[in-house]
There are 2 protein chains.
Amino acid sequence: MYCYMKRDSRLSGVLHVLLHMAEQPGPHTSETLALAMNTNPVVVRRIMAGLREQGFLRSQKGHGGGWTIACDFSRTTLRDIYEALGEPEILAMGNRTETPGCLVEQAVNAALGSAFDAAEAMLLTRFGEVTLADLSADFHVRMAGHTTPPTLENEHGA
Amino acid sequence: MYCYMKRDSRLSGVLHVLLHMAEQPGPHTSETLALAMNTNPVVVRRIMAGLREQGFLRSQKGHGGGWTIACDFSRTTLRDIYEALGEPEILAMGNRTETPGCLVEQAVNAALGSAFDAAEAMLLTRFGEVTLADLSADFHVRMAGHTTPPTLENEHGA
DNA sequence: TTTCATGTAACAATACATGTTGCGTGATGG
DNA sequence: CCATCACGCAACATGTATTGTTACATGAAA
């Protein structure tokens, strides 16, 4: 099932999966997580490899293996996760030329560039202010009032 | 010469061209402008069509035809131009699902979405604060000290 | 009426992200 | 010791958007 995404949703997807993992103990296989991300196991491993390298996750092979959370949710921010993903491009727009000789273009680049940089910096700052624990807490607030606790299985048609 | 750009540089390119046009009177052909944008005439027309529809530019066919500025630089902001381009996507990232049933994903979307919206809003605000006249003025400041005034021809290898 | 320039549609080429397959590696359990 | 399970990784396939390119119609000026 090919489904081209206009905007990169890896951060969104990985956060989703991390919160789900926190709700249930034990290792989670790539296959299980793939269902929650509507993708396949290889893509999951690809995306989560960076988180493992940065020590936010652990993975284990063989029987009973899978992915385990290895970080403190209250000390891990969205920015940490963003960086572990390899700092994907934030803006879809940019300057035509990085170091133009043309003075006109230098003026354009200066104006646009500073605006772009400010927007990026602002987003990263906000990311740095939100921890995974914050997200999880928000989730639990939303869950208050609901009867059946959502799991990877019943919410994502596994 | 195929040259795929990772980030959309139409705004950057169009601003560049507009400032150049302001430096020299008379209509400018798509072909001339294409040289400054390192592309070809059809692409130029495509990009500038929106600016014509919004009344920022006029175009004329036939002998002596071409593109003419039809707006007041001191009253036209980068945001106006951005909108005339069709409001291209600003962010390269986004939420995986817009209206998820999963409460976990709702929590993720809320956090990420508000950050995304804030960044976009900030960029648009900054765009709205800069006029084409500001850019042009900055260009003229940069030009002080340089001997040969840059034209479409001598700066872009026409 | 010839030339020039835009307007537009259709088509081609490219880059990229994602999906997919296959095989290697290590760990577990019988 | 062997079968199974799950990750690791590389290679390949597919789908999509963007950009470049070609072709032709339209209208204006010399």
Side-chain angles (χ1 to χ4, degrees), chain A residues 1-14 17 21 26-53 57-70 85-94 96-97, chain B residues 1-14 17 21 26-53 57-70 85-94 96-97:
Chain A
M1 181 232 298
Y2 282 97
C3 167
Y4 186 85
M5 301 290 179
K6 188 159 55 177
R7 295 161 81 172
D8 182 352
S9 62
R10 282 177 297 164
L11 180 58
S12 170
V14 126
V17 157
M21 289 173 71
H28 302 264
T29 67
S30 303
E31 196 172 343
T32 306
L33 301 178
L35 291 170
M37 285 182 71
N38 266 313
T39 181
N40 73 54
V42 180
V43 175
V44 170
R45 293 187 194 114
R46 202 138 69 189
I47 293 177
M48 315 232 305
L51 303 213
R52 181 187 54 231
E53 281 159 23
L57 291 175
R58 248 193 307 270
S59 64
Q60 206 157 13
K61 295 180 176 179
H63 256 292
W67 297 87
T68 323
I69 292 172
L85 281 179
E87 309 192 0
E89 205 74 48
I90 291 177
L91 295 176
M93 313 175 54
R96 218 176 54 89
T97 315
Chain B
M1 181 235 294
Y2 282 97
C3 167
Y4 186 86
M5 299 291 179
K6 186 160 53 178
R7 294 161 81 170
D8 183 352
S9 62
R10 282 178 297 165
L11 180 59
S12 171
V14 135
V17 157
M21 289 173 71
H28 302 264
T29 68
S30 302
E31 196 172 343
T32 306
L33 301 178
L35 291 170
M37 285 181 71
N38 267 312
T39 180
N40 72 55
V42 179
V43 175
V44 170
R45 293 187 195 114
R46 202 140 67 190
I47 293 176
M48 314 232 305
L51 303 212
R52 181 188 54 230
E53 281 157 25
L57 292 176
R58 248 193 306 272
S59 64
Q60 206 157 14
K61 297 180 175 181
H63 256 293
W67 297 86
T68 322
I69 292 171
L85 281 180
E87 310 192 359
E89 204 75 47
I90 291 176
L91 295 176
M93 311 175 55
R96 217 175 56 88
T97 315

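We name chains A, B, ... by the order of the sequence lines, and we start the count at 1 in each one.
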Asker: Using whole Å, what does the distance between atom C1' of nucleotide D:dA6 and atom CE of A:Met48 come to?
Answerer: 13 Å

Asker: Which residues pass the side-chain hydrogen bond (donor to acceptor under 3.5 Å, both in side chains) test with A:Thr39, not counting sequence neighbours?
Answerer: none

Asker: Which distance, rounded to the nearest 0.5 Å, do you find between the NE2 of A:His28 and the CG of A:Leu57?
Answerer: 10.5 Å

Asker: With rounding to the nearest 0.5 angstrom, report the CD to CG distance, A:Glu89 to A:Asp8.
Answerer: 10.0 Å

Asker: State, to 0.1 Å, how close A:Val14 and A:Ile47 come at their nearest heavy-atom pair, and which atoms those are.
Answerer: CG2-CG2, 3.3 Å

Asker: Working to the nearest 0.5 Å, report the span between CD of B:Glu87 and CG of B:Leu11.
Answerer: 12.0 Å

Asker: Could you state the CZ-P distance from A:Arg96 to D:dT19, rounded to the nearest angstrom?
Answerer: 12 Å

Asker: Measuring to OP1 and OP2 of C:dC4, would you say a side-chain N or O of B:Thr29 lies under 4.0 angstrom away?
Answerer: no

Asker: Name the residue closer to the 5' end of DNA chain C, choosing between A:Gly64 and A:Arg10 according to the nucleotide with the nearest heavy atom.
Answerer: A:Arg10

Asker: Just how far, in rounded Å, is P of D:dG8 from CG of A:Leu51?
Answerer: 12 Å

Asker: Once you round it to whole Å, what is the distance between C1' of D:dT18 and CD of A:Glu89?
Answerer: 16 Å

Asker: Under the side chain to side chain donor-acceptor pair (under 3.5 Å) criterion, do A:Ser12 and A:Ser9 qualify, and how do the steps go?
Answerer: CA-CA 5 Å; A:Ser12 170; A:Ser9 62; 5.9 Å; no

Asker: Between B:Glu31 and A:Arg7, which is nearer to the 5' end of DNA chain C once each is assigned its nearest nucleotide?
Answerer: B:Glu31

Asker: Would you kindly compare A:Pro41 and B:Gly62 by the position of their nearest DNA chain D nucleotide and give the one closer to the 5′ end?
Answerer: A:Pro41

Asker: Checking all strands, does A:Gly66 fall into the base, sugar-phosphate, or nothing category for heavy-atom contacts under 4.0 angstrom?
Answerer: sugar-phosphate

Asker: Could you please name the option among D:dC7, D:dG20, C:dT28 that lies closest to any side-chain atom of A:His63?
Answerer: C:dT28

Asker: What protein N or O atoms touch nucleotides 7-10 of chain C N or O atoms at under 3.5 angstrom, if any, and at what distances?
Answerer:
unit_1, atom_1, unit_2, atom_2, d
C:dG7, OP1, B:Arg52, NH1, 2.3
C:dG7, OP1, B:Ser59, OG, 2.8
C:dG7, OP2, B:Arg52, NH1, 2.7

Asker: Could you pull out the closest heavy-atom pair between A:Arg96 and B:Ala36, with the gap in Å?
Answerer: NH2-O, 3.4 Å

Asker: Calculate the interatomic distance between A:Leu85 atom CG and C:dA17 atom P; express it in whole Å.
Answerer: 13 Å

Asker: Can you see if the side chain of B:Asn40 gets near the phosphate of D:dG20 - specifically, an N or O under 4.0 Å from OP1 or OP2?
Answerer: no

Asker: For A:Met37 and C:dT20, give me the distance from atom CE to atom C1', rounded to whole Å.
Answerer: 16 Å

